[in-house]
**Student:** 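Got a structure here, written out as structure tokens. Questions coming.
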Amino acid sequence: MIKAILVFNNHGKPRLSKFYQFYPEDLQHQIIRETFHLVSKRDDSVCNFLEGGTLIGGSDYKLIYRHYATLYFVFCVDSSESELGILDLIQVFVETLDKCFENVCELDLIFHVDKVHYILSELVMGGMVLETNMTEIITRIEEQNKLEKQESRENLFGVLHRVGGNAGIYGKTNDPELDSIQGHESHSSIFLPKGVRL
Amino acid sequence: MPTVKGDGMRGLAVFISDIRNCKSKEAEIKRINKELANIRSKFKGDKTLDGYQKKKYVCKLLFIFLLGHDIDFGHMEAVNLLSSNKYTEKQIGYLFISVLVGASNELMKLVIQSIKNDLTSRNPTHINLALHCMANIGSREMADAVGSDIPKLLVSGDTIDSVKQSAGLTLLRLLRASPDMIPIGEWTSRIIHLLNDQHMGVVTSATSLIEALVRKNPEEYKGCVSLAVSRLSRIVTSSYTDLQDYTYYFVPAPWLSVKLLRLLQNYPPPEDPSVRTRLTECLETILNKAQEPPKSKKVQHSNAKNAVLFEAINLIIHMDSDPNLLVRACNQLGQFLQHKETNLRYLALESMCLLATSEFSHEAVKKHQDTVITALKTERDVSVRQRAVDLLYAMCDRSNAEEIVGEMLEYLESADYSIREEMVLKVAILAEKYAVDYTWYVDVILNLIRIAGDYVSEEVWYRVIQIVINRDDVQGYAAKTVFEALQAPACHENMVKVGGYILGEFGNLIAGDPRSSPLVQFQLLHSKYHLCSPNTRGLLLSTYIKFINLFPEIKTSIQEVLGSDNNLRNPDVELQQRCIEYLQLSTVASSDVLATVLEEMPPFPERESSILAKLKKKKPTAAPEGETKEKEHRAIPQAQINSSETSAAPPAASTTITLGGSSAAGGGTVDLLGLEPTPPAPSAAVSSGLNFLVDVFGDQPSSTTNGFDSTFGSGSGGLTPGAEENYKKFICKQNGVLFENDLLQIGIKSEYRQNLARVGVFFGNKTTFQFTNFVSDLVLPGNLSSALSVQPKPVDPTVDGGAQVQQLFNIECKDEFSEAPLLNISFTYSGKVQRLCLKLPVIINKFLEAAEMNSEAFFTRWKALSLPEQECQKIFKAQYPQDTEQVKQKILGFGLSILLGIDPNPDNFVSSGVLHTRNQQVGCLVRLEPNKQMQMYRLTIRSTKPSISQALGALLETQF
């Protein structure tokens, strides 16, 4: 079983955390910190499996992770999972994100935490692998998007809330501050693991 | 190409960019607090918020939570969103709840109500949202409220695939949360047949579900084996175009293949020959594919392919029946050992560890010894090196022990801190187990201390001393070696302890050489004295008094040291007393008395001292004359032990205190004579070392609770309900759950090697609150303290909510026993003290080691054990289905071998094993004859010791 899925950047800033077992909030934050500490000091050339986290599952527990340019994707699993299988699952997750966000970058994860959760929930459910077929996953996400578009159109016509419409979150804004963010963090596809083409 | 980012919430985006522009942590907190206040006021305001606004605020809260801030409101608004009929609002409501609301939250009732409504919705997307939420939270209440609807959803023909898929995993989660609440029996066959479903996603989720069900009830789900094999076969033999979207980088359905292979690892090899052949074909195909050139250079391709391959190898190892496949698996892993991918090397080492335990492949694994040693030395990754250590340990036997131990010692010098302690134990165990020549053993342990002194635990150095005492042939060598080791300018304190002890006993054996004359020995030891802790100093003082006996010629130099101001007025009361006492002893006693008091240690199985010690503690008057006085004064040191119980005084110290106490209070020669039965000093300290340790720990509850007796009484009498049944379940297995209630789960993991055991007890706090004053004590009732020696590690007094703590016991079986050690657990939970008393499943059969023999050997031994009292026969009714495989598993789990081709009737089971205790090894032969018509068994056990035949008979009788 997958106990938790954590995504954080090279500085340990959490970008996604999903626990499939209940932990109190403070412990969740502690686990993220501990995991970052364990994973970040490892060289990129070493293996992708790691034991030694104390907070999650006692002794029957492994961290399986991949490091992409600015982000770590870490799955905390017990011994009932295949290590390489999970490693591939991380890849499927990232490739799906990449397709859904069109060249995904860290900013997408920051501004769309909810969407990232929805995509993840098409892959993993209650700590078990739900679907691994990327085409199927993307079809389901598309269906969700359709529903959302439909509902937001209703919203527009009903209550005029969102004057800005679909201007895009960081596409073209009138907000100079927002534009400056894009300067800081490059938009180029940061998800490619070093030396690996998708 | 779908894009999900087109449609965001502007307010949210602005807030996030504000946060990101904050220059300092303070500014960020300020901005967040402002936002929280804003949201709070919106939620509390008069104006009703529409769904969109609620959605936006809830989303902001999620973001704030991810940054590491606590969110203590908004839950109600999220629950409100659940009843919205807009998909996106419902969706974010469920998201918030599964991220932020625990199963124990009071809002859960409302959540469950919404889930109920959504489950009956005609809109499958709503059903799926509800299922996802349940699968993520998975509480008992949910299982109770809607659990029984899920199986219907799962197998119904009307359900669409995506819902079926989710329903499978939801059911799995609910069954985990509440195994007994959902009646599932009537669905068994339809669930199994989901393995034939058209939709691969449904099959994937069903396989996970079935595997969990199989673990609980393998018999009922046996039908899944043939279905799983045929499904697997269809995947494996398909070309990668057949499965289209489920083909991942040219590998057909890798995840499903892995899951199916895992599922099959819950069963023995299929009995049906056609199924078995088909499975063998699958496994062969997978192994063949590994040799084909890769279809893609991408790492994903090789990952997916190898994920399947490794799982196939695990299945081959699990079945452990086809030598041909096992050898192929071993060769394949051998290739991976030198692969350029670190991941593959890691996994190969891991799988090979399993392979080393199979008799078919143990030799084949040994061929890779050099590669593994190279891995240990050259791998850059500690995870991989750790695996290499494990594998070396697993592949070690008498033929290669010397080399492997040597390599491990060499590596230890540069090993990572995180794995040193484990390595030290492994080296010590291997060195002892495979020692032919005990001088080698002594060298190994001294090297261990030299290289990794800090990681050498007490049991290791106690053990070397026990062995040296018991074997005359190494005593001189040991004395010489420690003397040399002590000459190093800086040596570890553990070395000083061992050195002090051994020279005190056997220094005379090397005193003839002028380079190690008595005075040189004494000066060498004394040069370390000032650098040592009080415990070690106490031990050295005892060595000095022993020297006075061994070497009267240096008496004055020693008396000078004993009488020095520094010692006589030492602030450490133990040392002071010891010095005064020893000085007195050396002055007053005649050389005859000295020689008797300070005699060489008797050989080790010296159980009496610990019983005597206990006796003396409990009933002073019952002790022989000479000891009466000592007992009277024990009160003082006892108090000291108790007051300093936090540091769990090691045996040496505790005995020391006793000695000190007696002379300080009583003084004079009578006392000194009275010391005799517990000879002063290192001897007594370490001789009964392990036993004393038990005693010391046995005392501990008396200081924490009121009186040892009451704790003990409640312990033996008041077993917690259910403890007995759970204990029995462990007769044939090593790991599992020993106890569980609403607050606490206690799991056991144990490892046995001959007469040594390592038992880990895992305490899991199931609540969200902390347990305080957590104490777990092991009590050895009755004579058990003389049969087992236990080294408990203390456990943290607090256990946080949701956390798990481990307590480790190192146990040595000294003699046969029948009772179980008792584990007394107490802790405070929400102000109330909770107490549990459980039997720790350390059972005599755990120290059995399976033995293989041919039919001739078996019958010779069987006939040799023909005395009526050596045999124990039981005839009893079967309690469980008489399934050959299960019986086999139980016999193997019990610790016996399965010997084939010995009994003319193939239905009968013939087994043998060797029971290891420190004092003796007892061979046991067992025959079990099932009578399927009558549903009866006849069990016959023969061993050299009648009591052991009886004990094993009583245990085995309950298992079938």
Side-chain angles (χ1 to χ4, degrees), chain A residues 14 17 20 22-25 27 29 45-52 58 82-85 87-88 91 99-102 108 110-115 117-118 121 125-126 128-133 135-136 138 141-142 145 147-149 151-152 155 159 161-162 164 166 168-169 177-178 181 196, chain B residues 1-8 10 13 16-17 20-21 50 52 59 62-63 66 68 70 86-88 92 95 102-103 132 135-136 138 165-166 169 172-173 201 204-205 208 245-246 248 254-255 258 299-300 303-304 306-307 310-311 342-343 346-347 380-381 383-384 762 768 801-802 804 806:
Chain A
S17 75
Y20 293 101
F22 179 74
Y23 293 98
E25 290 159 27
L27 189 60
H29 296 309
S45 66
V46 301
C47 76
N48 300 80
F49 322 122
L50 177 66
E51 286 159 76
S82 147
E83 287 95 341
L84 290 174
L87 212 50
D88 278 346
Q91 182 67 20
K99 287 199 173 134
C100 291
F101 286 105
E102 288 168 2
D108 292 310
I110 299 170
F111 283 92
H112 301 284
V113 170
D114 49 340
K115 301 280 159 143
H117 268 285
Y118 301 148
S121 70
M125 175 172 171
M128 306 300 289
V129 179
L130 176 69
E131 182 58 76
T132 54
N133 173 352
T135 323
E136 175 93 28
I138 288 167
I141 299 287
E142 265 173 350
N145 288 344
L147 277 171
E148 187 183 351
K149 285 239 170 65
E151 283 173 8
S152 75
N155 244 347
V159 201
H161 267 298
R162 298 160 56 233
N166 273 8
I169 303 307
E177 278 184 337
L178 272 182
I181 297 172
V196 178
Chain B
M1 206 47 82
T3 170
V4 293
K5 63 187 175 194
D7 198 48
R10 192 170 174 74
I16 293 175
S17 29
R20 293 169 51 73
N21 283 335
D50 65 34
Y52 171 74
C59 221
L62 270 176
F63 182 78
L66 186 65
D70 283 351
K86 287 216 172 67
Y87 178 74
T88 48
I92 196 112
L95 176 60
H132 270 279
N136 285 333
Q165 215 173 338
S166 311
L169 295 182
L172 167 60
R173 185 62 193 261
T204 309
S205 112
S208 297
D245 290 341
Y246 282 88
Y248 175 82
W255 286 275
V258 165
V299 69
Q300 284 84 342
N303 270 354
N306 292 327
F310 270 107
E311 221 44 75
T342 317
N343 288 340
Y346 173 97
L347 293 172
R380 293 174 56 209
D381 185 354
S383 304
V384 185
F762 296 85
T768 49
Q804 192 183 44
Q806 186 196 151

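Not measured: the values here are computed from a predicted model. Every heavy atom of this structure was used, including side-chain atoms; hydrogens, water molecules and symmetry mates were not. Chain letters run A, B, ... following the sequence lines, proteins first and then strands; every chain starts at 1.
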**Student:** Considering non-hydrogen atoms only, spot the tightest contact between A/S82 and B/E311 and give its length.
**Tutor:**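 For A/S82 versus B/E311, the nearest heavy atoms are CB-OE1, 3.7 Å.
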**Student:** Please report the interatomic distance NE2(A/H117) to CG(B/N136), rounded to the nearest 0.5 Å.
**Tutor:**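 Spacing of NE2 (A/H117) from CG (B/N136) equals 10.0 Å.
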**Student:** Taking side-chain hydrogen bond (donor to acceptor under 3.5 Å, both in side chains) as the test, write out the residues that go with A/D114, two or more places apart.
**Tutor:**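 Scan of A/D114 (side-chain hydrogen bond (donor to acceptor under 3.5 Å, both in side chains), adjacent residues dropped) gives none.
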**Student:** Excluding sequence neighbours, so at least two apart, what forms side-chain contact (heavy atoms from CB on, under 4.5 Å) with A/V129?
**Tutor:**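 Expected list: A/L89, A/T132.
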**Student:** Does the side chain of A/F49 reach to within under 4.5 Å of the side chain of B/V384, using non-hydrogen atoms?
**Tutor:**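 They are not in side-chain contact.
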**Student:** Checking B/L347 against chain A: side chain, backbone, both or neither under 4.5 Å from a heavy atom?
**Tutor:**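 Only the side chain of B/L347 comes within 4.5 Å of chain A.
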**Student:** Any chance you could lay out the side-chain contact (heavy atoms from CB on, under 4.5 Å) test for A/T135 and B/Y246, step after step, and finish with the verdict?
**Tutor:** CA-CA 9 Å; A/T135 323; B/Y246 282 88; over 6 Å; no
**Student:** Could you grab the distance from atom CG of A/L130 to atom CD of B/Q165, nearest 0.5 Å is fine?
**Tutor:**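 Interatomic distance, A/L130 CG to B/Q165 CD, rounded to 0.5 Å: 4.5 Å.
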**Student:** Looking at B/G201, B/P254, B/G68, B/A304, which one has more heavy-atom pairs under 4.5 Å with chain A than the rest?
**Tutor:**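 So the answer, after comparing B/G201, B/P254, B/G68, B/A304, is B/G68.
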**Student:** Do B/Y346 and A/N48 touch side chain to side chain, with heavy atoms closer than 4.5 Å?
**Tutor:**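 A side-chain contact is absent here, since even the closest heavy-atom pair is not under 4.5 Å.
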**Student:** Can you tell me which of B/G801, B/C59, B/S166 forms the most heavy-atom pairs within a distance under 4.5 Å of chain A?
**Tutor:**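 So the answer, after comparing B/G801, B/C59, B/S166, is B/S166.
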**Student:** Which region of A/S121, side chain (C-beta onward) or backbone (N, CA, C, O), has a non-hydrogen atom less than 4.5 Å from a non-hydrogen atom of chain B, or is it both or neither?
**Tutor:**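 Contact with chain B involves both backbone and side-chain atoms of A/S121.
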**Student:** Under 4.5 Å from any heavy atom of chain A, what part of B/L62 do you find: side chain, backbone, both or neither?
**Tutor:**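 When you check distances to chain A, no heavy atom of B/L62 falls under 4.5 Å.
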**Student:** Given heavy-atom pairs under 4.5 angstrom as the criterion, report whether the side chain, backbone, both or neither of A/P24 touches chain B.
**Tutor:**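 Only the side chain of A/P24 comes within 4.5 Å of chain B.
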**Student:** Could you grab the distance from atom CG of B/N306 to atom CG of A/L87, nearest 0.5 Å is fine?
**Tutor:**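 If we round to the nearest 0.5 Å, B/N306:CG and A/L87:CG are 11.0 Å apart.
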**Student:** Is it the backbone or the side chain of A/E83 that comes under 4.5 Å from a heavy atom of chain B, or both, or neither?
**Tutor:**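 Side chain of A/E83 only, per the 4.5 Å heavy-atom cut-off to chain B.
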**Student:** Check whether any side-chain heavy atom of A/S45 lies under 4.5 Å from a side-chain heavy atom of B/T342, and answer yes or no.
**Tutor:**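 The answer is no; the side chains never approach within 4.5 Å.
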**Student:** Is there side-chain contact between A/F111 and B/R20, with at least one heavy-atom pair below 4.5 Å?
**Tutor:**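 In short, these two side chains touch, coming nearer than 4.5 Å.
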**Student:** Please report the interatomic distance CD(A/E25) to CG(B/D70), rounded to the nearest 0.5 Å.
**Tutor:**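 Reported to 0.5 Å precision, the distance equals 5.0 Å.
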**Student:** Using modelled atom types only, decide if a donor and an acceptor are shared between the side chain of A/E151 and the backbone of B/T88 within a distance under 3.5 Å.
**Tutor:**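 Yes, the answer is positive, given that a donor and an acceptor are paired below the 3.5 Å cut-off.
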**Student:** What distance separates B/S205 OG from A/M128 CE, expressed to the nearest 0.5 Å?
**Tutor:**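 Output value for this atom pair is 9.0 Å.
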**Student:** Would you confirm whether B/N303, through its side chain, and A/D88, through its main-chain N or O, come within 3.5 Å as a donor-acceptor pair?
**Tutor:**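 Side chain of B/N303 to backbone of A/D88: no pair is present.
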**Student:** Which atoms of B/Y87 are under 4.5 Å from chain A, going by heavy atoms: the side chain, the backbone, both sets, or neither?
**Tutor:**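 Both backbone and side chain.
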**Student:** What's the shortest heavy-atom distance between A/Y20 and B/R173, and which atoms?
**Tutor:**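 Answer, listing the atom of A/Y20 first, then B/R173: O-NH1, 2.8 Å.
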